2 protein chains.
Amino acid sequence: MIDHNIEECSTACFHPELTAQVKAAMPGEPLQEELARLFKVLGDQTRIRILNALYRSELCVCDLTSILGMNQSAVSHQLRVLRDAKIVRSRKQGKNVLYSLDDSHISDLIRLGSEHVQEEKG
Amino acid sequence: MIDHNIEECSTACFHPELTAQVKAAMPGEPLQEELARLFKVLGDQTRIRILNALYRSELCVCDLTSILGMNQSAVSHQLRVLRDAKIVRSRKQGKNVLYSLDDSHISDLIRLGSEHVQEEKG
DNA sequence: TCATCATATGAACAATTACTCATATGATAA
DNA sequence: TTATCATATGAGTAATTGTTCATATGATGA
């Protein structure tokens, strides 16, 4: 849904050849859309806390409820978001459902992001 | 604003020692909050497209306007979000303002995220 | 079977957000 | 100075989202 009614800068403002080069080198829209969706899922404190917990151990919903200090419904809703994004995986064990991280990339992303955040503070 | 009225599971449901261990090993809340904020900023397709463009070259707002096919106001608003998050940097050159990535961690994050997304497709 | 427990989910609501429109700012050129 | 151009920004709005409440599902044990 890209609007092509661009108000092009009058003359010397923009750099046509550079712009064309960059435009040609850009990743495809579907990839960028999925990438944004991935980051959006990571962009919530509750979900980050869930992932930081699951990074340390496989846990059932009830454990997470206790660790996060949130009610079960809220936790389950966020777990669904993470499951849909294939960031966490679940398996049943009796009455419980155990969750764990689905993908090593995710912990790498969290590690890298944490480094950035920590360095920025200094 | 953590609610401590947790409905603790009756008995054998949750694993107290494990839960305590994980709780103790969790990163501090401020770090997790900032991390979530960082990912939230990355979690928008327009901003991802801006970053993918700036990854390839320093560009003025007008260039970005052309590359993204969006109007100047929308681009400037998103650039502000990125500037506030210290993800991009700007410098004046005549009437133009040139933007570039502020931090190498960001391109690493985008690279890593892209890998994840691409592998997931297969 | 029925009761209970852990988890999942739909609806509703408040808060946030990305875009548009209009206008302001600040630099250059005449 | 005044006009013009590139960019920034405030207000308004539609869409999205995180939480809560109530309820459903599905497994276990009696």
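This structure is a prediction, so every number in the text was calculated from the model and none was measured. Numbered from 1 within each chain, the chains take letters A, B, ... in sequence-line order.
- The separation between B:Lys95 atom NZ and D:dA6 atom P is 6 Å, rounded to whole Å.
- The hydrophobic clustering, which links ILVMFWY residues whose side-chain heavy atoms are closer than 4.5 Å, places B:Leu18 and A:Val61 together.
- When rounded to the nearest whole Å, the span between CG of B:Asp44 and C1' of C:dT17 equals 9 Å.
- One interatomic measurement links the two molecules: CD of A:Gln45 to C1' of C:dT16, which rounds to 15 Å at whole-angstrom precision.
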At a cut-off of 3.5 Å, list every protein nitrogen or oxygen paired with a nitrogen or oxygen from nucleotides 21-25 of chain C, distance to 0.1 Å.
unit_1, atom_1, unit_2, atom_2, d
C:dC21, N4, B:Ser73, OG, 2.6

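- Across the protein-nucleic acid pair, A:Leu98 atom CG and D:dA27 atom P stand 15 Å apart, rounded to whole Å.
- OP1 or OP2 of D:dT9 has at least one side-chain nitrogen or oxygen of B:Arg83 nearer than 4.0 Å.
- Atom-to-atom, CZ of B:Phe39 to C1' of C:dT17 comes out at 20 Å; the value is rounded to the nearest Å.
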Under 3.5 Å, which donor-acceptor pairs do the side chains of residues 74-81 of chain B form with other protein atoms, sequence neighbours left out?
unit_1, atom_1, unit_2, atom_2, d
B:Ser76, OG, B:Gln72, O, 3.4
B:Ser76, OG, B:Gln72, NE2, 3.0
B:Gln78, OE1, B:Arg47, NH1, 2.6
B:Arg80, NH1, B:Asp84, OD1, 3.2
B:Arg80, NH1, B:Asp84, OD2, 2.8

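- Closest approach to the A:Gln78 side chain among C:dC19, D:dT17, D:dT19 is made by D:dT19 (side chain taken as heavy atoms from C-beta onward).
- The ring pair (Phe, Tyr, Trp, His ring centres under 6.0 Å) pairs that include a residue from residues 20-45 of chain A are A:Phe39-B:Phe39, where partners are two or more places apart or lie in different chains.
- Projected onto DNA chain D by closest heavy-atom contact, A:Lys92 and A:Arg47 fall at different nucleotides, the more 5' of which corresponds to A:Arg47.
- Legend: ring pair (Phe, Tyr, Trp, His ring centres under 6.0 Å) pairs involving residues 48-74 of chain B, not counting sequence neighbours: none detected.
- One atom, CZ of B:Arg91, and another, C1' of D:dA6, lie 16 Å apart when rounded to the nearest Å.
- The nearest whole Å value for the distance from the CZ atom in B:Arg80 to the C1' atom in D:dG10 is 11 Å.
- Residue pairs satisfying the ring pair (Phe, Tyr, Trp, His ring centres under 6.0 Å) criterion with at least one member in residues 88-112 of chain B, sequence neighbours excluded, are listed as follows: A:His116-B:His105.
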* To do: Could you check B:Glu115 against B:Arg111 for salt bridge (Lys or Arg N to Asp or Glu O under 4.0 Å), going step by step and ending with a plain yes or no?
  => CA-CA 6 Å; B:Glu115 279 179 34; B:Arg111 243 195 311 277; over 6 Å; no

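- For A:Asp102, the side-chain contact (heavy atoms from CB on, under 4.5 Å) test picks out A:Lys86, A:Arg89, with sequence neighbours left out.
- At whole-Å resolution of the value, CG in B:Asn96 and C1' in D:dA6 are 6 Å apart.
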